[in-house]
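These numbers come from the heavy atoms of this one structure, side chains and all, not from hydrogens, waters or symmetry mates. Given the structure is predicted, the values throughout are model-derived calculations rather than measurements. Atoms within each ligand, like the ligands themselves, are counted from 1 in listed order.
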Amino acid sequence: MTIDGPSGAGKGTVSRAVAKRLGWHYLDSGSIYRSLAIAVLEQGVFPEDEQAVADLARSMRLEFNCGDTLTVYLNGVDITRQLAAESTGNTASKIAALPKVRQVLLQKQRDFQRQPGLVADGRDMGSVVFPDAEYKVYLTASAGERAERRYKQLIEKGIHANLEQIRKEIDERDRRDQERKTAPLVMPSDAYYLDSSNKPVEQVIEEVLNLIH
Ligand code: C5P
């Protein structure tokens with residue numbers, strides 16, 4: 001199953017819950033782009049240097065530990081806390097526009113496909129990475145609600161956040177993700193459109209599960 005949509009639509013929460021209820025595996029593809037962004041920032045590589053970023057993508061060693069919460073190790077170091085920062089998301093969306101980088105990460109993402117099933121969340125899961133997925137969802141919400149959710153998530157994690165700033169950053173990131181040439185954020189024609197504005201998360205999870213049952 002693929003769940004695509006813009007930033008802050010609730011894809012992570014919904015995908016994790018659906019995967020848990022079905023006993024399936026979970027791929028948070030955004031965290032792969034975010035991990036690469038951290039590697040780029042740490043190693044002082046220019047985010048515009050396509051070949052250098054692609055080489056880094058090829059050589060980075062990522063491990064995911066999916067317990068109740070996701071723990072991510074980059075070359076053996078726990079980077080979970082840095083992953084959530086808006087600055088990481090912003091750099092991620094810059095390097096995500098580079099075709100060579102997407103090409104390197106394609107197979108890494110496909111390797112997550114395992115029995116009995118996978119819930120993959122991202123921007124191009126249904127359109128590019130898993131075009132043959134049996135179930136596809138496009139999850140969205142109003143821009144205001146998405147900014148508020150992201151703000152609450154950051155505050156809960158103890159990360160300093162400013163609502164107005166987040167609103168601007170989300171707008172900018174959405175525009176970049178939708179307008180890039182390679183694998184832009186689109187709604188696959190065979191996806192189920194789900195607007196989660198003003199809906200309790202439990203209801204959204206049920207709607208997604210109903211597609212399968
Ligand atoms: O979903 P998340 O906010 O963690 O993703 C961070 C960035 O990674 C997105 O803004 C997007 O540019 C990029 N991304 C992508 N394709 C995916 C998942 C994430 O381009 N499948």
Using heavy atoms and a cut-off under 4.0 Å, could you grab the residues that are in contact with ligand 1, chain by chain, numbers ascending? Ser29, Gly30, Tyr33, Arg34, Ala92, Ser93, Ala96, Arg102, Gly122, Arg123, Asp124, Met125, Arg173, Asp177, Arg180

Would Arg150 and Glu169 satisfy salt bridge (Lys or Arg N to Asp or Glu O under 4.0 Å), going step by step from the backbone distance to the final call? CA-CA 11 Å; Arg150 184 54 60 106; Glu169 284 177 355; over 6 Å; no

Hey, which of Ser7, Ser93, Ser29 is the one that makes side-chain hydrogen bond (donor to acceptor under 3.5 Å, both in side chains) with Arg123? Ser7

About how many Å separate CG of Asn65 and OG1 of Thr80, when rounded to the nearest 0.5 Å? 9.0 Å

As an exercise, state the distance from NZ of Lys11 to OG1 of Thr13, rounded to the nearest 0.5 Å. 10.0 Å

For Lys108, give me all partners under side-chain hydrogen bond (donor to acceptor under 3.5 Å, both in side chains), at least two apart in sequence or on another chain. none

Partner of Glu172 under salt bridge (Lys or Arg N to Asp or Glu O under 4.0 Å), picked from Arg175, Lys168, Arg176, is Arg176

